[in-house]
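Worksheet: the structure to be examined is printed underneath.
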Amino acid sequence: MVQRITYRRRLSYNTKSNRVKKVRTPGGKLVFQYLKKRPSVPKCPMTGLRLKGVNPATNQEKTRLSRRQKTVFRAYGGVLSHKAVREKIVRAFLIEEQKIVMKVLKAQGKGAQ
C-alpha cells in the first residue's frame, strides 16, 4: 500500500510558497521537503532582455556572491542590456552632432548677413 504524506507546516494548501518534493529518508519513510522560491533572472528595464553574466540570486544570496558574479564590467553593467547601452551612446553622440550642426548653421547665417 502507498504511504500517505502530510505537510509538516501549518499551511495546508498547494500554493507557490508551499512547494514540496517527496524524499525517502534513510529510515524508509516518505516525507515532504520544502523547496525555496527561485529568484528570477534580472531584466533590462529599457529592452526587457534578460541580463547576461548576472546570476539570478536573492538579496541574501547576493551578499555572499563576489562582485564579478553580480555585475558586468561595462557602463551600466548589470543594470542595462548591451543593446540599451549602445542605443544610449549612439543617441548621445547624435544629439551632440546635432548641436554642432546647429552652431555651424547659425554661424553661416550671421556670416551671410
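Predicted model only: the values in this text are computed from it and were never measured.
Scored by the side chain to side chain donor-acceptor pair (under 3.5 Å) test, Thr15 finds Ser17 as partners (sequence neighbours excluded).
Side-chain atoms of Tyr34 do not come within 3.5 Å of backbone N or O of Lys21 as any donor-acceptor pair. Looking at Tyr76, its side chain never comes within 3.5 Å of a backbone N or O of His82 through a donor-acceptor pair. Formation of a donor-acceptor pair under 3.5 Å by the Arg19 side chain with backbone atoms of Lys36 is not found in this model. At least one donor-acceptor pair closer than 3.5 Å links the side chain of Thr63 to the backbone N or O of Gln60.
Annotation: side chain of Lys52 is not in contact with side chain of Val72 (no heavy-atom distance under 4.5 Å). Counting only heavy atoms from C-beta outward, the side chains of Leu80 and Lys88 approach each other to under 4.5 Å. When side chains are defined from C-beta on, Lys103 does not count as touching Lys106, because their heavy atoms never get closer than 4.5 Å. The shortest side-chain heavy-atom distance between Lys29 and Arg24 does not fall under the 4.5 Å cut-off.
In this structure, the separation between CG on Leu30 and NZ on Lys22 is 7.5 Å, given to the nearest 0.5 Å. We find the CG-CG distance between Leu35 and Asn18 to be 10.0 Å, quoted to the nearest 0.5 Å. Atom CZ in Arg50 sits 6.5 Å away from atom NZ in Lys43 (nearest 0.5 Å).
Note that Arg68 lies outside the cation-pi zone of Phe73, set by a 6.0 Å cut-off to the ring centre and a 45° limit from the axis.
Ion pair Glu87/Arg91 flagged as a salt bridge, since at least one NZ, NE, NH1 or NH2 atom sits closer than 4.0 Å to an Asp/Glu carboxylate oxygen. The pair Glu61-Arg64 does not count as a salt bridge, with every side-chain nitrogen at least 4.0 angstrom from each carboxylate oxygen.
Listed by chain and number, the hydrophobic cluster partners of Phe93 are Val90, Leu94, where partners are ILVMFWY side chains within reach of under 4.5 Å, directly or through others. Taking Ile, Leu, Val, Met, Phe, Trp and Tyr as members and joining any whose side-chain heavy atoms lie under 4.5 Å apart, directly or through other members, the hydrophobic cluster of Leu105 also contains Val101.
Of all heavy-atom pairs spanning Val79 and Leu51, the tightest one is O-CD1, 3.7 Å. Here the shortest heavy-atom pairing between Pro42 and Pro56 reads CD-CA, 4.3 Å. Of all heavy-atom pairs between Ser81 and Cys44, the closest is N-SG, 3.3 Å.
Residues Ile89 and Met46 share a hydrophobic cluster, clusters being chains of Ile/Leu/Val/Met/Phe/Trp/Tyr side chains in contact below 4.5 Å.
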